[in-house]
Participant: 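Pasting in a structure now, in structure tokens, and then I'll have a few things to ask.
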Amino acid sequence: MKAFTRLDGRAAPLELANIDTDQIIPKQFLKTVEREGLAKGLFYDFRFDADGNPIDDFVLNRPEYKGASVLVAGDNFGCGSSREHAPWALMDFGIMCVISTSFADIFFNNCFNNGLLPVIVKPEELAALMDEAKGGNHMVSVDLATQTVVSPSGKTFTFEIDPVRKEKMLKGLDAIGETLQHGGDIDVFESKRAISQPWMEA
Amino acid sequence: MRGAMTRSAKTLYDKIWDAHVVNEQDGEAILYIDLHLIHEVTTPQAFAGLRAAGRKVRRPDRTLAVADHNIPTEGQALGVDAVADEEARLQLKTLARNVADNGIEFFPMGDIRNGIVHVVGPEQGRTQPGMTIVCGDSHTSTHGAFGALAHGIGTSEVEHVLATQTLRQKKARNMLVRVDGQLGPGVTGKDIALAVIGEIGTAGGTGYVIEFAGQAVRELSMEGRMTLCNLTIEGGAKAGLVAPDEKTFDYILGKPAAPKGAAWDMAVSHWKTFFTDDDAVFDRTIVIDGAALVPMVTWGTSPEDVVPVTGNVPDPESFATPDKRAAAHRALDYMGLTAGQPISDAKIDRVFIGSCTNSRIEDMRAAAAVVQEAFLHGRMVAPHVKAMVVPGSGLVKEQAESEGLDAIFKASGFDWREPGCSMCLAMNPDKLAPQERCASTSNRNFEGRQGRAGRTHLVSPAMAAAAAIAGHLVDVRTLLS
Ligand code: SF4
């Protein structure tokens, strides 16, 4: 997994609640056996019309947000399908951080497994960030170590994050490798269970 | 002090959790996984990751694979080589190779045991009370109907479970949803679920595991409980649970993977330990009057956008926050509806009866009963409506056919298909054309979910069947009276 420490970049405002993973990456892009190359499908139905032409006024198609690495989005971002293609597509597009007032659970987990930072702020802070991101200057700084977001005008917001997740994200740790260090505990668990619930081993 | 002597009261979720903790550090547990269900769409990258790291599948015997998401619902007997979509074919072949390389049991397309992953697990008796069950699919919550802790995971987590048979988890909070009273005629598990989501919102369950209890839930069949738990994810919850009871055990008894002989008795006494203690405390409790519920239907593009079928489309300006108002305006525009119009005025073009939410034998029977009743009154599928029924598995299809349900559907003008996810997510050739309006028994009415610019109204199987005949959304109770 990629480490996330600090990010200075353009923030793109997407003021809609309940953006689901079907919208982030529609199903026709799920027929891949690869993790890479999903940027082309990101927000496909927002970015392109039925004939495949770019929709000019969609935020990520506007020249001033070209290269945006932070997305500021409405409440309950990432709800719906469990597809990890959603964070893969965001990252492939260059978005490394999403700021919202809440995230759906599976999407939230998937972010941490890939090094995409989901930042939860208060509703009034989101409103402020959204407004500033819509303005002329939309450069923000996100610092994981200090748990802060600095808005384009210089306002600083702090955010909460689970300490275990923060640590792993900062170091970019491999979760499987870590769990396998507890292989002995898993062996013990399985042998106990083989005795107490033998039908599970049949 | 008595405190140390008293056993602290636990919820069903607490008990399942405690029974599966392998190790716990800083509030993060390594949780043992009893059953891992896999399918073609969310696993190729996980197996590739394992191969790249030189890792093996730890418990192939605790893993079960099906092909469901992208398979066609016609011509399955022709095999994978005949699947027209090249990318779908590659995914199906990749799955076949991965399961063969790792010794995992697999029901390929065309096998009578194949079907939608959340229909197959219970049908095979693989899903059992007190288990932890995961799958790279959000509707894994379905299996909670058996009192199993079941939830969807991402592909990185699929790889983690394949390699370690465990998952790193933080414990969620406990929510109780109690549905009191007796459901009225024409009101189903689907309607309870939609009413709950309408009440708490799609983010209302975030961070919680929901246990469903109360008379109306106890009286649901196993199929009804599966529909209810299936939709918990649409309320944002981690998982849904119903405590196992005699109905649960009866359902499992005799299924291919159910314990047999002496092991059965041992298993049942183990399963009976999974219930919420009387004095257990929930972090949040919601009480719903089941007797007051009516059939529900969605009007917008989020499952929380529900109204009783007797109600009207709401005014977007009535929503509390700017992002919700913006979403509601966008939804009405997308759905081609006007604020204030009776929802039952919405004329439909398509009907889809299927998906892991509502494609089990009881769902087939409920829809067929409405269709047959209408047929006896000389009514068939409305001429402008295209309607399809997609059974959840080969075994459901076989059972339905042995009861003559397929004949009832076909005689009235429904298309009777082969099993799979089909138009629930429209990854296969079954999809809505732009602006087509569909009464669907599936679980998501998101923009584009059933086809680009398609308009989905979520309803129960009986309501979908009624809509097919009326040609518009309709209260199934009036159609039958
Ligand atoms: S039927 Fe729909 S929701 Fe269920 S597993 Fe298939 S795609 Fe997912």
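The structure displayed is predicted, hence computed values, not measured ones. Within every chain, numbering begins at 1; the chains are lettered A, B, ... in the order of the sequence lines, protein sequences first and strands thereafter.
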Participant: Of the backbone (N, CA, C, O) and the side chain (C-beta and beyond), which part of B/Glu28 lies under 4.5 Å from a heavy atom of chain A, both, or neither?
Facilitator: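 Side chain of B/Glu28 only, per the 4.5 Å heavy-atom cut-off to chain A.
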Participant: Going by the angle between their ring planes, with limits at 30° and 60°, are A/Phe112 and A/Phe108 parallel, tilted or perpendicular?
Facilitator: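 Ring orientation of A/Phe112 relative to A/Phe108: perpendicular.
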Participant: Name the region of A/Asn110, side chain, backbone, both or neither, that has any atom closer than 4.5 Å to a heavy atom of chain B.
Facilitator: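 Only the side chain of A/Asn110 comes within 4.5 Å of chain B.
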Participant: Decide, yes or no, whether a salt bridge links B/Asp18 with B/Lys171 under the criterion of side-chain N to carboxylate O below 4.0 Å.
Facilitator: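 So B/Asp18 does not pair with B/Lys171 through a salt bridge.
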Participant: Using a 3.5 Å distance criterion without hydrogens, assess whether the side chain of A/Ser100 forms a donor-acceptor pair with backbone atoms of A/Ala73.
Facilitator: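 Yes.
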Participant: Who wins among B/Thr301, B/Val41, B/Val158 for the most heavy-atom pairs under 4.5 Å with chain A?
Facilitator: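 When all of B/Thr301, B/Val41, B/Val158 are compared, B/Val41 has the most.
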Participant: Side chain from CB out, backbone as N, CA, C, O: work out which of these in A/Ala50 comes under 4.5 Å of a heavy atom of chain B, or both, or neither.
Facilitator: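 Both the backbone and the side chain of A/Ala50 come within 4.5 Å of chain B.
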Participant: Where does B/Asp85 contact chain A at under 4.5 Å (heavy atoms): side chain, backbone, both or neither?
Facilitator: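 Contact with chain A is through the side chain of B/Asp85 alone.
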Participant: Sort B/Pro303 into side chain, backbone, both or neither according to what part of it lies under 4.5 angstrom from a heavy atom of chain A.
Facilitator: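 Contact with chain A: none, neither part.
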Participant: Fit a plane to each ring of A/Phe58 and A/Phe46, take the angle between them on a 0 to 90° scale, and name the class: parallel (under 30°), tilted (30 to 60°) or perpendicular (over 60°).
Facilitator: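 Taking A/Phe46 first and then A/Phe58, their aromatic rings sit tilted (interplane angle of 30° to 60°).
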Participant: So what's closer than 4.5 Å to chain B heavy atoms on A/Glu34: side chain, backbone, both or neither?
Facilitator: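 Just the backbone, heavy atoms under 4.5 Å.
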Participant: Considering only heavy atoms, which portion of A/Arg165 lies under 4.5 Å from any heavy atom of chain B: side chain, backbone, both, or neither?
Facilitator: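 Neither part.
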Participant: Can you tell which part of B/Ala453 gets under 4.5 Å to a heavy atom of chain A, answering side chain, backbone, both or neither?
Facilitator: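 Neither part, no heavy atoms under 4.5 Å.
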Participant: Answer with side chain, backbone, both or neither: which region of A/Leu30 has an atom nearer than 4.5 Å to a non-hydrogen atom of chain B?
Facilitator: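 Both parts, backbone and side chain.
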Participant: So which of B/Lys324, B/Glu447, B/Arg325, B/Arg168 has the largest heavy-atom pair count under 4.5 angstrom toward chain A?
Facilitator: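 Answer, by heavy-atom pair count under 4.5 Å with chain A: B/Arg168.
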Participant: Counting only non-hydrogen atoms closer than 4.5 Å, does A/Val164 touch chain B with its backbone (N, CA, C, O), its side chain (CB onward), both, or neither?
Facilitator: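 It is the side chain, since no backbone atom gets that close.
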Participant: Charged N to carboxylate O below 4.0 Å: is that the case for B/Asp26 and A/Lys168?
Facilitator: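 No, B/Asp26 and A/Lys168 are not salt-bridged.
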Participant: So, B/Arg59 and A/Glu201, do they make that salt bridge, N to O below 4.0 Å?
Facilitator: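 Result for this pair is yes, salt bridge flagged.
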Participant: Checking B/Glu157 side chain against B/Gly154 main chain: does a donor-acceptor pair fall under 3.5 Å?
Facilitator: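 Between the backbone of B/Gly154 and the side chain of B/Glu157 there is a qualifying donor-acceptor contact (under 3.5 Å).
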Participant: Could you tell me which portion of B/Lys170 (side chain, backbone, both or neither) has an atom closer than 4.5 angstrom to a non-hydrogen atom of chain A?
Facilitator: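 For B/Lys170, the side chain is the part near chain A, not the backbone.
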Participant: Is the shortest side-chain heavy-atom distance between B/Met131 and B/Arg62 below 4.5 Å?
Facilitator: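 Side-chain contact under 4.5 Å: yes.
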Participant: With a 4.5 angstrom heavy-atom cut-off, is it the side chain or the backbone of B/Thr94 that approaches chain A, or both, or neither?
Facilitator: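 Side chain of B/Thr94 only, per the 4.5 Å heavy-atom cut-off to chain A.
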Participant: Got a sec: does the CD of B/Glu86 have more than 12 other heavy atoms crowding it under 6.0 Å?
Facilitator: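 Atom CD in B/Glu86 is not packed in, count stays at 12 or less.
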Participant: Looking at chain B, which one of A/Pro163, A/Gly74, A/Ser81, A/Ala175 has the largest number of heavy-atom pairs inside 4.5 Å, strictly under?
Facilitator: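 Of the options given, most contacts go to A/Ser81.
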Participant: If you measure only the distance, is there a donor-acceptor pair under 3.5 Å linking the side chains of B/Asp34 and B/Gln128?
Facilitator: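 There is no such pair between these side chains.
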Participant: Should A/Arg62 and A/Glu64 count as an ion pair when the cut-off is N to O under 4.0 Å?
Facilitator: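 Yes, charged N to carboxylate O under 4.0 Å.
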Participant: Can you tell which part of B/Arg449 gets under 4.5 Å to a heavy atom of chain A, answering side chain, backbone, both or neither?
Facilitator: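 The answer is both parts of B/Arg449.
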Participant: Using side-chain heavy atoms (C-beta onward) and a distance below 4.5 Å, is B/Lys56 in contact with B/Leu50?
Facilitator: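 The answer is no, as the side chains (C-beta and beyond) never meet within the 4.5 Å cut-off.
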Participant: Could you tell me if the side chain of B/Ser156 sits less than 4.5 Å from the side chain of A/Arg35, heavy atoms only?
Facilitator: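 The answer is yes, as the side chains (C-beta and beyond) meet within the 4.5 Å cut-off.
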Participant: Quick check on A/Ser196 against chain B: is it the side chain, the backbone, both or neither that has a heavy atom closer than 4.5 Å?
Facilitator: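 Contact with chain B is through the backbone of A/Ser196 alone.
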Participant: Given that the side chain runs from C-beta out, which part of A/Glu190 has a heavy atom under 4.5 Å from chain B: side chain, backbone, both or neither?
Facilitator: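 Just the side chain, heavy atoms under 4.5 Å.
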Participant: For B/Thr166, is it the side chain, the backbone, both, or neither that has a heavy atom closer than 4.5 Å to a heavy atom of chain A?
Facilitator: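 Just the side chain, heavy atoms under 4.5 Å.
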Participant: Heavy-atom cut-off 4.5 Å, strictly under: side chain, backbone, both or neither for A/Phe29 against chain B?
Facilitator: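 Neither part; nothing is under 4.5 Å.
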Participant: Of the backbone (N, CA, C, O) and the side chain (C-beta and beyond), which part of A/Phe107 lies under 4.5 Å from a heavy atom of chain B, both, or neither?
Facilitator: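 No part of A/Phe107 comes within 4.5 Å of chain B.
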Participant: Can any side-chain N or O of A/Thr158 pair as donor or acceptor with the backbone N or O of A/Gln147 at less than 3.5 Å?
Facilitator: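 Looks like no, no N/O pair under 3.5 Å.
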Participant: Where on B/Ala48 is there a heavy atom nearer than 4.5 Å to chain A: the side chain, the backbone, both, or neither?
Facilitator: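 When you check distances to chain A, no heavy atom of B/Ala48 falls under 4.5 Å.
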Participant: Relative to chain A, which segment of B/Thr164 carries a heavy atom at a distance below 4.5 Å: side chain, backbone, both, or neither?
Facilitator: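 Both the backbone and the side chain of B/Thr164 come within 4.5 Å of chain A.
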Participant: Heavy-atom cut-off 4.5 Å, strictly under: side chain, backbone, both or neither for A/Asp185 against chain B?
Facilitator: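 Both parts, backbone and side chain.
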